[in-house]
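Counting starts at 1 for both ligands and their atoms, following the listed order. Keep in mind that what you see is a predicted model, and the values were worked out from it rather than measured.
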Amino acid sequence: MNDTKIIDGKLISSQIREKIRFYGDKLKDKTNKTPGLAVVLVGENPASKVYVKNKIEKTKEVGFNSIEHRLDESVSERELLSLVNDLNNDEKVQGILVQLPLPKHINSDKVLDAIIPIKDVDGFHAENVGKLWSGLNSLVPCTPLGCSILLKKINQDLSGKSAVIIGRSNIVGKPMAALLLGMNATVTIAHSRTKNIRELVKESDILIAAVGIAEMVKGDWIKKGCIVIDVGINRIERNGKNVLVGDVDYQECLKNASRITPVPGGVGPMTIACLLLNTLFTSYIQFGEESVDLTSILD
Ligand code: GUN
């Protein structure tokens, strides 16, 4: 019974990556060019190192070129901007990802806005953000895009449904709100200053938890039939072991939820699949090919 509730992001993401490989191979055959994704990692943040390692591995698996730049924590903003400029002009690079967070002495907004919008596979450039909020075609941030694909996969018509997002980050919360609005949901964004989060969640048909606090959402917060999408990846110690948990108490929330994503194996692998999907998309455009029909990849 509970198995049918689980949204298997691991399986869905692997199916998407297979299709990306297929369309990537087609593009390579036609143009004699290989899509390239450049990943820039600054410093030694342990979580960032793991994310970047996984991104690079999956990039190679779908047959794309991976271009890696690891910079010392002490790198200056000017040096980083200069690298971004080089990558903008590099014909072998179709997508640029600068892993966040950046060290405090670097202005992240400035760096993200230096990436030319057509290589902005993270969808963080102001031009892509503006287009997303205007309902225009744009590159969409990978994690919220992954969540919206999961919601479409479970065939839920969100029209008239209420959705609450916990977390107002530029990476997840805000773009997720734009996507849910586009799917005709009524959207609330809750954050650390929101007074009645528990009540808001209790009234919601859809919950997107993207707050970064281990198991913050308790089982009795969940309305019966709620769809729960857990974006959190928190490392905690339990019974003397290091384990990964989400932002919701999975075992307890499972009881009232109609569908729920596990951690790990839910949203996490979808983020990487969407990064590759965005890279495929920008490659088709940069290689001068008719844009690939993304809907056929997502069917
Ligand atoms: N740090 C956490 N999530 C992300 C992401 O989706 N993209 C980048 N560039 N950095 C991140």
Side-chain angles (χ1 to χ4, degrees), residues 9 13 16 37-59 66-71 73 75 77 80-81 83-84 87-88 93-104 106-117 119-129 132 138-150 165-179 208-213 229-235 244 246-247 261 263-264 266-279 281-282:
S13 65
I16 292 174
L37 172 62
V39 177
V40 180
L41 175 64
V42 181
E44 303 291 331
N45 181 309
S48 291
K49 278 167 119 173
V50 174
Y51 295 147
V52 162
K53 182 173 158 280
N54 290 337
K55 286 172 185 176
I56 291 169
E57 201 180 286
K58 293 288 183 274
T59 301
S66 170
I67 300 104
E68 296 144 36
H69 290 270
R70 292 166 202 276
L71 306 177
E73 182 88 23
V75 70
E77 186 179 288
L80 184 54
L81 287 170
L83 171 61
V84 168
L87 296 172
N88 281 341
V93 171
Q94 280 62 55
I96 304 170
L97 178 141
V98 178
Q99 186 67 25
L100 300 176
L102 288 171
K104 287 209 165 53
I106 294 175
N107 181 336
S108 303
D109 291 336
K110 208 165 156 183
V111 173
L112 297 176
D113 271 348
I115 298 170
I116 50 170
K119 294 191 180 183
D120 173 34
V121 285
D122 255 328
F124 293 159
H125 189 285
E127 183 177 312
N128 283 317
V129 175
L132 174 62
S138 66
L139 284 158
V140 176
C142 306
T143 300
L145 179 59
C147 295
S148 73
I149 292 171
L150 291 179
I165 301 160
I166 312 181
R168 56 175 157 178
S169 72
N170 291 336
I171 297 179
V172 185
K174 288 185 210 163
M176 191 72 238
L179 289 172
I208 313 281
V211 68
I213 300 175
I229 307 287
D230 191 350
V231 178
I233 304 175
N234 309 290
R235 198 171 290 276
L244 287 183
D247 291 347
T261 59
V263 176
V267 173
M270 291 299 292
T271 297
I272 299 184
C274 288
L275 172 66
L276 301 173
L277 194 59
N278 282 345
T279 306
F281 180 74
T282 60

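For Asn278 (side chain) and Val121 (main-chain N/O), a donor-acceptor pair under 3.5 Å exists by modelled atom type. In this structure a side-chain-to-backbone donor-acceptor pair under 3.5 Å is present from Asp120 to His125.
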*asked:* Apply side chain to side chain donor-acceptor pair (under 3.5 Å) to residues Thr59 and Glu57 and explain how you reach the verdict.
replied: CA-CA 5 Å; Thr59 301; Glu57 201 180 286; over 6 Å; no

Walk me through whether Gln99 and Lys55 qualify under side chain to side chain donor-acceptor pair (under 3.5 Å). CA-CA 11 Å; Gln99 186 67 25; Lys55 286 172 185 176; 2.8 Å; yes

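Across all their heavy atoms, Ile229 and Cys147 have their closest contact at CG2-SG, 3.6 Å.
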Nitrogen or oxygen contacts under 3.5 Å, ligand 1 side and protein side:
unit_1, atom_1, unit_2, atom_2, d
ligand 1, 1 (N), Gln99, NE2, 3.3
ligand 1, 1 (N), Leu100, O, 3.0
ligand 1, 7 (N), Asp122, OD1, 3.1
ligand 1, 7 (N), Asp122, OD2, 3.3
ligand 1, 9 (N), Val98, O, 2.8
ligand 1, 9 (N), Asp122, OD2, 2.6
ligand 1, 10 (N), Leu100, N, 3.0

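Residue Thr271 holds its OG1 atom at 9.0 Å from CG of Leu145, rounded to the nearest 0.5 Å.
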